[in-house]
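Just so we're clear, the structure is a prediction, and the values are computed from it rather than from any experiment. Whatever order the structure lists them in is the order used to number ligands and atoms, beginning at 1.
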Amino acid sequence: MSFTDQIIKREKSEALFEEAKQYFPGGVNSPVRAFKSVSGPPLFIKEGQGCRITDEDDNQFIDFCCSWGPLILGHNNALIRERVIETVKKGTSFGTPNRLGNELGKLILHHHPYIDKIRFVSSGTEAVMSALRLARGVTGKSKVIKFEGCYHGHVDSLLVKAGSGLATFGVSTSAGIPEAFAKETIVIPLNQPEALEKALKEHANETACVIMEPVPANNGLLLQDRSFLQYVRQQCTAHGVLLIFDEVISGFRVGFSGAAGYYDIQPDILTFGKIIGGGMPVGAYAASHEIMGHIAPDGPVYQAGTLSANPVAMAAGLAALEQLIQEDFYERMAQKTHRFVETIEQFCLDRGYEISFPHIGSIFWIAFSNERILASDQIDPAGMEKFKVLHHELLQRGVYLGPSGYEVGFVSAAHTDADLDEAAEKICESLEVVFA
Ligand SMILES: *Cc1c(COP(=O)(O)O)cnc(C)c1O
């Protein structure tokens, strides 16, 4: 099969996208969905079952985007669906405490040894925003150190990139962010202990926290050495600065206790999202009893939410997480992902393609390089042109990847070995076109 053999129909998606442009900026409600860095109109998906999604033109795809990570159990998981339906029948939200919230809180805290207390919110961004306020409230300091190449949602003070130099004040990457906010953020590169050392030496007395994705997975998959993460932990402790692990992607993904458990590193505050809601809008932040004691109504740090911990979202999260604590769940996920990636890797190695597939647990990334990539400035933008061709070829063959080469792929429990073999074969075929 070659580039022109088969062009899937996209007429209905195209028409719906044209219509959507009248209603939403760029036709979308979240920017990457617009397919700006790949070809064709975005696909309008009407159904998902297991590891497959179907678009409005009735094309079917094996899905590795999985709603950007939440669907670790695949689409339309029966236990989540039934629990949600049962709950919805009794009403969707009361704005009061409810039993399902207790059950989800208890399940998480019981199986996650790095946290004592948790607060539910409604998105990952909200979790991060609240965690920053908490860190500032606890320390009485205001600056934040973040790493270039880590994404933490669309929080004002974190939509910043590094200026010039090793440890610099942030420059905002979005319009509408006051310079004063960006100035509260110091941006340093990943994998460079000396940059962190310098930033802390100069600014520790005004810095509330260091925030990082312990598994940076929003700008490629920039897997760090455990020794670097340990160094970050140690430096934060030494300088009286709190460490926030943003585990919105890695939480409940690389293990039930996320990256904290995977690397066995104790952060001061953790943030969650994505998987925690079983496909519903849920986020959370969590920490020790002592730190969480600063949150209202116990303490002076205010944070609230009209729909926080509503029963439907809690039911979905509970039905999802109950399946993740089953024996060997994460081992099996990691094994099948590794096997899938290795098949493709071997094919590429035999042909001498310049490509590699960093992976951890059930997360993988396609890097158009044979170097190990640990920081965002090592990513060659030329690889994104190759990704564009790959993405197109894969859609023709029935495989759906997130529409950007900077995005990672997710394997779900619903991807069987047979599904993964089928996908691997299609990926190899498509790579032959990419490298032809
Ligand atoms: C997705 C993500 C966020 C933002 O979560 P939303 O639910 O999209 O607001 C924050 N941090 C990380 C690490 C993420 O992957």
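In this structure, Lys336 places its NZ atom where more than 12 heavy-atom neighbours from other residues, nucleotides or ligands lie under 6.0 Å away. When the shell of 6.0 Å around NE2 of His239 is examined, it contains more than 12 heavy atoms from other residues, nucleotides or ligands.
For Phe252 and Phe272, the ring centers sit closer than 6.0 Å to each other.
For Glu213, no nitrogen or oxygen atom sits less than 3.5 Å from a nitrogen or oxygen atom of ligand 1, counting backbone and side chain alike. Inclusion of Glu126 in the set of residues having an N or O under 3.5 Å from an N or O of ligand 1 is not warranted. The distance criterion of under 3.5 Å between nitrogen or oxygen atoms is not met by Val128 with respect to ligand 1.
Note on Asp419 versus Arg52: salt bridge recorded, some NZ/NE/NH1/NH2 to OD/OE distance being below 4.0 Å.
Comparing Gly273, Ser30, Gly124 against atom 7 (O) of ligand 1, the shortest heavy-atom distance belongs to Gly124.
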Using residues 33-48 as the side-chain source, report each donor-acceptor pair under 3.5 Å to any protein atom, sequence neighbours left out, with the distance given to one decimal.
| unit_1 | atom_1 | unit_2 | atom_2 | d |
| --- | --- | --- | --- | --- |
| Ser37 | OG | Pro403 | O | 3.4 |
| Lys46 | NZ | Asp58 | OD1 | 2.6 |
| Glu47 | OE2 | Gln49 | NE2 | 2.9 |

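If you look at Asn218 next to ligand 1, the close heavy atoms, those under 4.0 Å, all belong to the side chain.
A distance of 4.0 Å separates CD1 of Ile188 from CZ of Phe147, quoted to the nearest 0.5 Å.
There is no side-chain donor-acceptor pair under 3.5 Å between Glu148 and Ser376.
Listed by atom number, the atoms of ligand 1 under 4.0 Å from His152 heavy atoms are 10 (C), 11 (N). If you number the atoms of ligand 1 from 1 as listed, the ones under 4.0 Å from a heavy atom of Thr125 come out as 4 (C), 5 (O), 6 (P), 9 (O). Interface atoms of ligand 1 facing Ser123, defined by a heavy-atom separation under 4.0 Å, are 7 (O), 9 (O). Atoms of ligand 1 lying under 4.0 Å from any heavy atom of Ile249, numbered from 1 in the order shown and given with element: 15 (O). Below 4.0 Å from some heavy atom of Asp246 lie the following atoms of ligand 1, by number and element: 10 (C), 11 (N), 12 (C), 13 (C).
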Step-by-step ring pair (Phe, Tyr, Trp, His ring centres under 6.0 Å) determination, Phe64 to Phe340: CA-CA 12 Å; Phe64 289 103; Phe340 165 63; 5.2 Å; yes
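Here the heavy atom of the protein found nearest to atom 15 (O) of ligand 1 is Lys274 NZ, 2.6 Å.
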